[in-house]
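For reference, the structure is listed below as structure tokens.
Residue indices begin at 1 and follow the sequence shown.
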Amino acid sequence: NNDTEDEERLWRDLIMERVTKSADACLTAINIMTSPNMPKAVYIEDVIERVIQYTKFHLQNTLYPQYDPVYRVDPHGGGVLSSKAKRAKCSTHKQRVIVMLYNKVCDIVSSLSELLEIQLLTDTTILQVSSMGITPFFVENVSELQLCAIKLVTAVSTF
């Protein structure tokens, strides 16, 4: 039993290391694209779409469940609790790697708003970005992300 717990912890650490490296790659790509005087060849639509997909996936599946218990799925299939009951049972302690991911995702969302001011994007990409910018306002305990989302929604609305 102790071996399975250690093995599970090692897998979790490995996965979170890969997730963190992926966030770094997304940030690097967006930072390059938002640098001053970049040539048009730098704005690769596929890279932008993948950054948006990565960000949306980890917001919905990693960060929202960690910060707002209403977004958590009960792995044991227990009874349905109201959102107030779920929030009452929630602990506010977050793993260091989750906080790091949260900060990186906030930076990505903020940088995406800068990218919208620089580069014209396709309609489908704009729809993805706008849904990513609106969703944080329905999640509790993500105030920094909400501030970044305001900047993103403002950039989308000027588009």
Side-chain angles (χ1 to χ4, degrees), residues 12 15-74 81-159:
R12 207 175 10 246
I15 290 168
M16 288 312 293
E17 180 182 343
R18 289 182 180 179
V19 167
T20 303
K21 285 182 181 181
S22 298
D24 289 337
C26 290
L27 265 173
T28 302
I30 291 293
N31 284 336
I32 289 170
M33 288 183 216
T34 56
S35 296
N37 303 321
M38 294 307 289
K40 291 287 182 188
V42 170
Y43 305 110
I44 302 169
E45 188 175 322
D46 188 47
V47 173
I48 296 168
E49 288 177 4
R50 289 185 188 267
V51 167
I52 293 167
Q53 287 174 348
Y54 172 88
T55 306
K56 282 185 72 169
F57 178 84
H58 284 291
L59 281 171
Q60 294 168 351
N61 297 301
T62 307
L63 296 174
Y64 293 160
Q66 285 292 319
Y67 283 85
D68 191 346
V70 171
Y71 289 85
R72 290 187 190 150
V73 176
D74 187 8
L81 294 174
S82 71
S83 60
K84 287 183 181 181
K86 280 185 178 181
R87 286 188 177 122
K89 294 172 83 174
C90 174
S91 82
T92 57
H93 176 70
K94 305 285 178 277
Q95 295 176 357
R96 184 179 59 87
V97 69
I98 295 294
V99 174
M100 283 178 24
L101 179 63
Y102 175 76
N103 291 330
K104 289 178 186 199
V105 167
C106 286
D107 290 343
I108 292 170
V109 171
S110 182
S111 296
L112 280 171
S113 63
E114 292 175 31
L115 181 64
L116 283 173
E117 295 169 4
I118 297 170
Q119 178 64 20
L120 191 65
L121 302 176
T122 63
D123 289 345
T124 55
T125 305
I126 292 297
L127 285 173
Q128 295 293 320
V129 168
S130 62
S131 72
M132 183 187 351
I134 293 171
T135 308
F137 298 108
F138 300 101
V139 182
E140 290 193 8
N141 304 318
V142 290
S143 56
E144 296 89 358
L145 181 61
Q146 289 170 343
L147 289 172
C148 296
I150 287 173
K151 188 176 174 185
L152 184 62
V153 170
T154 303
V156 167
S157 67
T158 59
F159 182 71

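Interatomic distance, Glu49 CD to Thr125 OG1, rounded to the nearest 0.5 Å: 4.0 Å. Between the CG atom of Leu116 and the OG atom of Ser111 there is a distance of 11.0 Å, given to the nearest 0.5 Å. Between the OG1 atom of Thr34 and the CG atom of Leu115 there is a distance of 7.0 Å, given to the nearest 0.5 Å. Interatomic distance, Gln119 CD to Glu45 CD, rounded to the nearest 0.5 Å: 9.0 Å. Distance check: Leu121 CG to Ile126 CD1 gives 4.5 Å after rounding to the nearest 0.5 Å. Remark: Ile48 CD1 to Met33 CE distance equals 4.5 Å, nearest 0.5 Å.
Ile150 has its side chain within reach of Phe137: a pair of non-hydrogen atoms, C-beta onward, lies under 4.5 Å apart. Residues Thr62 and Val19 have side chains not in contact (no heavy-atom distance under 4.5 Å, counting atoms from C-beta outward). Proximity of Ile98 to Met16: side-chain heavy atoms (C-beta onward) are separated by under 4.5 Å at one or more points. Between Lys21 and Arg18 there is no side-chain heavy-atom pair separated by less than 4.5 Å. Two residues are said to be in side-chain contact when any heavy atoms from C-beta on lie closer than 4.5 Å; Thr20 and Lys104 meet this criterion. The side-chain heavy atoms of Pro39 and Val42, taken from C-beta on, include a pair separated by under 4.5 Å. Between Val70 and Phe138, the closest side-chain pair of non-hydrogen atoms is not below 4.5 Å. At a threshold of 4.5 Å between non-hydrogen side-chain atoms, the residues Met38 and Ile118 do not count as touching.
Side-chain atoms of Asn141 do not come within 3.5 Å of backbone N or O of Asp68 as any donor-acceptor pair. The backbone N or O of Ala23 sits less than 3.5 Å from a side-chain atom of Tyr54, completing a donor-acceptor pair.
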Kindly determine whether Leu145 and Leu59 satisfy side-chain contact (heavy atoms from CB on, under 4.5 Å), including the steps that lead there. CA-CA 10 Å; Leu145 181 61; Leu59 281 171; 3.4 Å; yes
Report the C-alpha separation of Ile30 and Val51 in whole Å, then their side-chain angles, then the decisive distance to 0.1 Å, and conclude whether the side-chain contact (heavy atoms from CB on, under 4.5 Å) test is met. CA-CA 8 Å; Ile30 291 293; Val51 167; 3.8 Å; yes
Show, in sequence, the C-alpha distance, side-chain angles and deciding distance for Leu112 and Ile52, and conclude whether the side-chain contact (heavy atoms from CB on, under 4.5 Å) test is met. CA-CA 9 Å; Leu112 280 171; Ile52 293 167; 4.1 Å; yes
Can you list the steps and then say if Ser131 with Lys56 is a side chain to side chain donor-acceptor pair (under 3.5 Å)? CA-CA 9 Å; Ser131 72; Lys56 282 185 72 169; 2.9 Å; yes
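For the residue pair Val109 and Ala149, the shortest heavy atom distance occurs at CG1-N, 4.1 Å. Shortest non-hydrogen contact noted between Gln146 and Val139 is NE2-O, 3.0 Å. The minimum heavy-atom distance linking Ser110 with Lys151 is given by the pair OG-NZ, 3.3 Å. Summarising the geometry of Ser35 relative to Asn31, their closest heavy-atom pair is OG-O, 2.7 Å, with the distance given to 0.1 Å. Taking every heavy atom of both residues into account, Ser130 and Leu127 meet most closely at OG-O, 2.9 Å. The minimum heavy-atom distance linking Thr158 with Ala155 is given by the pair OG1-O, 2.8 Å.
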